[in-house]
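Each remark here refers to the structure printed beneath this line.
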Amino acid sequence: MGTGKTPVVGIIMGSQSDWPVMQLAARMLEAMGVEYEARIVSAHRTPDRLTEYAKTAKARGIKVIIAGAGGAAHLPGMTAAMTPLPVLGVPVQSKALSGLDSLLSIVQMPKGVPVGTLAIGEAGAANAGLLAASIIALEDAGVAAKLDAFRAAQTESVNEVPEG
């Protein structure tokens, strides 16, 4: 989002309530200089929108899809079933089972329909952004340099000796 360039990462989620978590993926992509689009695409309430999104993503220039979903969490798997692109699933924390239901729904994909599954909630969303940027960095030296700088800064931020 932002510069008007063609997005290369799609961030999709099942509902507006998922955005506070999924925007952490967006922030990581922004920090790495990766163009993205964000859409609400519910596997259960907007199945036609899901089909259209997944089947046209590659032709529109998307290279990686990050799909966040809670509860039954069908969005990542259904998306992966309809596109050859890599799909990264983010289990959004649910009220009923704290996201464990979402995690198991995403990670237990049948053989032949892979979904890369991240951690539950905010850590998973942020790491999905970083993982998507890593995939984009395979062909984009600018993104690769930003990832290298991010990792170097992260390493430098860790004290060798405890304080206090």
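All values reported here derive from a predicted model rather than from experimental measurement.
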[Y] reachable from [X] in the ILVMFWY side-chain graph, under 4.5 Å edges:
| X | Y | value |
| --- | --- | --- |
| Trp19 | Val90 | yes |
| Leu130 | Leu29 | yes |
| Met13 | Tyr53 | no |

Measure the [atom1]-[atom2] distance between [X] and [Y] for me, rounded to the nearest 0.5 Å.
| X | Y | atom1 | atom2 | value |
| --- | --- | --- | --- | --- |
| Glu35 | Asp140 | CD | CG | 10.5 Å |
| Met32 | Leu147 | CE | CG | 5.0 Å |
| His44 | Ser15 | NE2 | OG | 12.0 Å |
| Arg39 | Ile12 | CZ | CD1 | 11.0 Å |
| Glu30 | Gln23 | CD | CD | 9.0 Å |
| Ile66 | Asn127 | CD1 | CG | 10.5 Å |

For [X] and [Y], which heavy atoms make the closest approach, and how far apart are they?
| X | Y | value |
| --- | --- | --- |
| Ile65 | Leu85 | CD1-CD1, 4.2 Å |
| Leu75 | Ala69 | CB-CB, 4.0 Å |
| Ala81 | Val113 | N-CG1, 3.9 Å |

Inset, instruction - Show your reasoning for whether side chain to side chain contact (heavy atoms under 4.5 Å, CB included) applies to Leu50 and Met82. - result: CA-CA 9 Å; Leu50 166 59; Met82 290 187 267; 3.7 Å; yes
Any donor-acceptor N/O pair, [X] side chain to [Y] backbone, under 3.5 Å:
| X | Y | result |
| --- | --- | --- |
| Ser157 | Gln154 | yes |
| Ser105 | Ala72 | yes |
| Asn159 | Pro162 | no |
| Thr79 | Ala54 | no |
| Arg49 | Ile40 | yes |
| Ser94 | Gly70 | no |
| Asp18 | Gly14 | yes |

For the residue pair [X] and [Y], establish whether any side-chain heavy-atom pair is separated by less than 4.5 Å.
| X | Y | result |
| --- | --- | --- |
| Asp48 | Glu52 | no |
| Pro84 | Lys58 | yes |
| Val8 | Tyr36 | no |
| Val115 | Leu88 | no |
| Phe150 | Met28 | yes |
| Val9 | Ile136 | yes |
| Pro7 | Ile62 | yes |
| Glu37 | Ile11 | no |

